[in-house]
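Comments concern the structure below.
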Number of protein chains: 2
Amino acid sequence: MSDSNEEMFKQLVETLNQDNTMTQKQLQILEAAIKIISEKGYYNTSTSEIAKQAGVAEGTIFRHYRTKKDLLVAIVTPVVTNISAPFFAEQFVDQAFSKSYQTFEEFLYAFVENRFEFVKTNVPLLKIVLQELSFHPEIQAAYKRAFTEKVHPAMCEVLNHYKKRGDLKDIPNQTMIRMAVPSIIGFLITRFIIQPNAEWNDEQEIKQTIDYIMNGIGK
Amino acid sequence: MSDSNEEMFKQLVETLNQDNTMTQKQLQILEAAIKIISEKGYYNTSTSEIAKQAGVAEGTIFRHYRTKKDLLVAIVTPVVTNISAPFFAEQFVDQAFSKSYQTFEEFLYAFVENRFEFVKTNVPLLKIVLQELSFHPEIQAAYKRAFTEKVHPAMCEVLNHYKKRGDLKDIPNQTMIRMAVPSIIGFLITRFIIQPNAEWNDEQEIKQTIDYIMNGIGK
DNA sequence: AATAAAAGTGAGTAATCACTCGCTAACTGT
DNA sequence: ACAGTTAGCGAGTGATTACTCACTTTTATT
């Protein structure tokens, strides 16, 4: 278990090291920070503890990050991009429009499966985001912006497309989003955060969730 | 605005002062603690700050609460009872069974309206619970216990009753709960925490939410 | 090989924190 | 009116914190 976990954390860190400009020690710092902060929270994690866990002098942390908060932001900011990645990609709307998916339900299924896998491989990072979002307005702002500028418009385009095809009820997009999004997020949170150790039949749960959503907004 | 807020906080505190055994100063401490902690979080709030805001010496806080965490627990523990109050009451299941509500939809409507009002008048307290839940296992345990022992069984009874009446689909209770609960909580969180300042047509939103749920689990 | 720049170190520091303690003031029961 | 208990005070304390800085080691450049 600890083996696979170590693997996991290294994978997480590599996502943050997109430019490959980071030192070995810097990667160790990020790895340790994600691990400890996701378990105990930002304010319960001291920089000395991170340094120790990373096998690094405390000064080294501050060579790379001016403040402790800078370190948090460096961890948390990239996540917003990855969470909403499908909506940023030009592909997304095109794919939805193309013949890849015959119905909205098919599209939704592919989407939920995709985000399911993302959450599955990023639980520690997402835990940090969830926990710290309330306390750091700058982080909030980043997420709010990504949502209003990218995610929401992309969602609307897709919904409009399938409305024309007659797959969806004649309800305002706003309303559909406000109903469907919590259904998906609610499932993911119970699955990976509230009851991660329960026995889950993932495929079945996803299908049930989509059925539920389709009953609410589908024709 | 600050007037109505002061009113609100005093009301919140009186809920915690059920035995009426508390000193004036103790009430001031709770009022100040709820206010500051709900805004800035537990770890960003110092006891000296609470004392200052409460107009009290710092030592007075520790006369009533052995530790800072004891103060948090004193604030947060009673909330669990109030959140799940309807499920504790013997009334609840009886009411659901009686002729008060002809259909499950009527029952659900009354329930959601009731919880809506509760959340509305307890936003600061609920913010604290939401924010601190991840970091304090004891608090988690209290909520988990209330859910498995009281809330979940009561829900099941009610669902079974309306299933027999033919109001609900033939789906496991477990599944119904996992779908319906996030719909309600999702609405309340967007309404009071994510977008508290948006223009809301509350009655309409509640009806839409219930429609959505009924499409998913109703016949 | 020489030089400069960047990465890494760890003892040191000022500030802040939760909490204590010896004291006084206010209340309570007789 | 008195004694005993509880409430309130606030200067003081030891521990911990994020962060600094003078110094060494490693890496990159020519």
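Both backbone and side-chain heavy atoms feed into the values below; hydrogens, waters and symmetry mates do not. Predicted model only: the values in this text are computed from it and were never measured. Below, read A as the first sequence line, B as the second, and so on, with proteins coming before strands; counting in each chain starts at 1.
- In this structure A:Lys120 satisfies the salt bridge (charged side-chain N to carboxylate O under 4.0 Å, His left out) test with no other residue, sequence neighbours excluded.
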(message) Under the criterion side-chain contact (heavy atoms from CB on, under 4.5 Å), I'd like the reasoning laid out for A:Ile50 against A:Leu71: C-alpha separation, chi angles, the key distance, then a yes or no.
(response) CA-CA 11 Å; A:Ile50 295 172; A:Leu71 171 60; 4.0 Å; yes
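- Between the axis at the start and the axis at the end of the helix from C:dA1-D:dT30 to C:dT30-D:dA1 there is an angle of 30°, using five pairs per end and rounding to 10 degrees.
- With sequence neighbours excluded, no residue forms a salt bridge (charged side-chain N to carboxylate O under 4.0 Å, His left out) with B:Arg115.
- With a 4.5 Å cut-off on side-chain heavy atoms, A:Ser38 and A:Leu125 do not count as touching.
- Ring geometry, B:Tyr43 versus B:His136: the interplanar angle falls under 30°, so the pair is classed parallel (tilted spans 30 to 60°).
- Near DNA chain D, defined here as any heavy-atom distance below 4.0 Å, the residues from residues 23-45 of chain A are A:Thr45, listed numerically.
- Taking the six-membered ring where tryptophan is involved, the planes of A:Phe111 and A:Phe107 are essentially parallel, since the angle between them stays under 30° and well short of 60°.
- Between A:Phe9 and A:Leu30, the closest side-chain pair of non-hydrogen atoms is not below 4.5 Å.
- Summarising the geometry, the separation between NZ on A:Lys52 and P on C:dA11 is reported as 14 Å, rounded to the nearest angstrom.
- The shortest heavy-atom contact between A:Tyr42 and A:Ile37 is N-CG2, 3.7 Å.
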Interface polar pairs with nucleotides 25-27 of chain C, N/O, under 3.5 angstrom:
none

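- By the 4.5 Å heavy-atom criterion applied to side chains, A:Tyr212 and B:Tyr212 are counted as neighbours.
- Chain B approaches DNA chain D over the interval D:dA7 to D:dG10, counting the first and last nucleotide 5' to 3' with an atom under 4.0 Å from its heavy atoms.
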(request) Carefully, step by step, assess B:Phe192 and B:Asn122 under the rule side-chain contact (heavy atoms from CB on, under 4.5 Å). (result) CA-CA 10 Å; B:Phe192 291 110; B:Asn122 289 278; over 6 Å; no
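- Atom C1' of nucleotide C:dA6 and atom CE of A:Met22 are separated by 16 Å, given to the nearest angstrom.
- Remark: A:Ser46 pairs with A:Ser48, A:Glu49 by the side chain to side chain contact (heavy atoms under 4.5 Å, CB included) rule, at least two apart or across chains.
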(request) Output, in order, the C-alpha distance, side-chain angles, deciding distance and verdict of side-chain contact (heavy atoms from CB on, under 4.5 Å) for B:Leu126 and B:Ile83. (result) CA-CA 9 Å; B:Leu126 293 169; B:Ile83 282 185; 3.6 Å; yes
Using nucleotides 19-23 of chain C, report all nitrogen or oxygen pairs with the protein that are shorter than 3.5 Å.
unit_1 : atom_1 : unit_2  : atom_2 : d
C:dC19 : OP2    : B:Lys68 : N      : 2.5

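- For B:Val151, the side chain to side chain contact (heavy atoms under 4.5 Å, CB included) partners two or more places apart in sequence, or in a different chain, are B:Ser84, B:Phe87, B:Phe147, B:Met155.
- Only at 4.0 angstrom or more do the heavy atoms of residues 130-141 of chain A sit from any atom of DNA chain C, so none qualifies.
- In terms of the salt bridge (charged side-chain N to carboxylate O under 4.0 Å, His left out) criterion, residue partners of B:Glu138 (sequence neighbours excluded) are, by chain and number, B:Lys69.
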(message) Would B:His152 and B:Gln174 count as a side-chain contact (heavy atoms from CB on, under 4.5 Å) here? Give the steps.
(response) CA-CA 9 Å; B:His152 191 267; B:Gln174 194 75 357; 3.3 Å; yes
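- For A:Glu205, the salt bridge (charged side-chain N to carboxylate O under 4.0 Å, His left out) criterion is met by B:Arg178, not counting sequence neighbours.
- Counting non-hydrogen atoms under 4.0 angstrom, A:Thr60 reaches a base of the nucleic acid.
- An OP1 or OP2 oxygen of C:dA6 is reached within less than 4.0 angstrom by no side-chain nitrogen or oxygen of A:His64.
- Of the N and O atoms on the side chains of A:Gln195 and A:Thr190, not one donor lies less than 3.5 Å from an acceptor on the other residue.
- Annotation for B:Glu117: atom CD counts as buried by contact number, over 12 foreign heavy atoms lying within 6.0 Å.
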